[in-house]
Amino acid sequence: MCTSLTYKNSRGDHFLARTMDFDLDFKARIMVMPRNRVVAGDAGEYTTKYGFVGAGRLLGHEMYTDGVNECGVGVATLYFPGNVYYYDDTPADKLGLAPQDFVAWALGNAASVDDLAEKVEQIALINQPTDFIGAVPPLHFIISDTTGKTMLLEPQGGELQLIDDPVGVMTNSPDLAWQLQNLSTYMVP
């Protein structure tokens, strides 16, 4: 099961880490995205403002599973089957993104978690399959920055919004609310 977590080292630096436990070899490699790049995403074009590095693959365009940008924002993707809701068409007032393009868009456009929380209102995740798997991947995302602030994007319907992650951890399905309730059963009073 894929898991992402945040941690702080002895100097106070914050990190986002993850495991990738998927039975499909993505043939991912380390890739670099420059600043101000126009990307022909699966649901349409978008432009990056910040440069970043991450694990990904070139499949007609750059797709990333996770990475960190020049501002210290980290994003990771995990599997979220049975829980996602994506739009069929892009609403007129939004930028439509395929879910598999969210990581690159977020890393390329957010200077912090708070910055991303404001910008995520401008996008809609669209039912757009990726040729690699021939399907629309059911994904959710963990986002963290240099302050240690950590939030999740769980696209479960309606407007996208970031959810505070008080434990700094995310796994595959189920959603954060269930995970936190389950975690509470192991807490010692």
Report task. Report the hydrophobic cluster partners of V32, with the cluster defined as I, L, V, M, F, W, Y residues connected by side-chain heavy atoms closer than 4.5 angstrom, directly or transitively. Result -> I30, V53, V68
If you look at every heavy atom in [X] and [Y], which pair is closest and at what distance?
X    : Y    : answer
V113 : M151 : CG1-SD, 3.4 Å
Q100 : M63  : CG-SD, 3.4 Å
A111 : Y50  : CB-OH, 3.5 Å
L160 : P155 : CD2-CB, 3.8 Å
F102 : V120 : CE1-CG2, 4.3 Å

Enter the distance from [X]:[atom1] to [Y]:[atom2] here, rounded to the nearest 0.5 Å.
X    : Y    : atom1 : atom2 : result
T77  : M170 : OG1   : CE    : 7.5 Å
D42  : L59  : CG    : CG    : 8.5 Å
L180 : T185 : CG    : OG1   : 11.5 Å
S4   : L152 : OG    : CG    : 9.0 Å
R37  : Y46  : CZ    : OH    : 9.5 Å
D115 : C71  : CG    : SG    : 8.0 Å

Report task. Kindly write out the residues that satisfy side-chain hydrogen bond (donor to acceptor under 3.5 Å, both in side chains) with R29, not counting sequence neighbours, or none if the list is empty. Result -> none
Check: [X] side chain, [Y] main-chain N or O, donor-acceptor pair, under 3.5 Å:
X    : Y    : result
N182 : W178 : no
T48  : P34  : yes
S173 : P81  : yes
S144 : T150 : no
D101 : L125 : no
D114 : E118 : no
N69  : L107 : yes

Can you confirm whether [X] sits close enough to [Y] that some side-chain heavy atom of one is under 4.5 Å from a side-chain heavy atom of the other?
X    : Y    : result
K49  : N109 : yes
W105 : V75  : no
D175 : F80  : yes
V39  : M33  : yes
V73  : L116 : no

Query raised in the report: Between the side chains of T147 and D145, is a donor N or O closer than 3.5 angstrom to an acceptor N or O?
Result: yes
Query raised in the report: Which pairs count as ring pair (Phe, Tyr, Trp, His ring centres under 6.0 Å) when at least one residue sits in residues 150-175, sequence neighbours excluded?
Result: none
Query raised in the report: Does CD belonging to Q161 count more than 12 external heavy atoms closer than 6.0 Å?
Result: no
Using distance only, find each side-chain donor-acceptor pair of residues 87-99 under 3.5 Å and give its atom names and separation, not counting sequence neighbours.
{"unit_1": "D88", "atom_1": "OD1", "unit_2": "N127", "atom_2": "ND2", "d": "2.7"}
{"unit_1": "K94", "atom_1": "NZ", "unit_2": "E121", "atom_2": "O", "d": "2.5"}
{"unit_1": "K94", "atom_1": "NZ", "unit_2": "E159", "atom_2": "OE1", "d": "2.6"}

Pair up each side-chain donor or acceptor in residues 129-141 with any protein partner under 3.5 Å, not counting sequence neighbours, and list the distances.
{"unit_1": "T130", "atom_1": "OG1", "unit_2": "F132", "atom_2": "N", "d": "3.4"}
{"unit_1": "H140", "atom_1": "ND1", "unit_2": "E154", "atom_2": "OE2", "d": "3.3"}
{"unit_1": "H140", "atom_1": "NE2", "unit_2": "T171", "atom_2": "O", "d": "2.9"}

Query - Partner residues of Q122 under the side chain to side chain contact (heavy atoms under 4.5 Å, CB included) criterion, sequence neighbours left out - result: K119
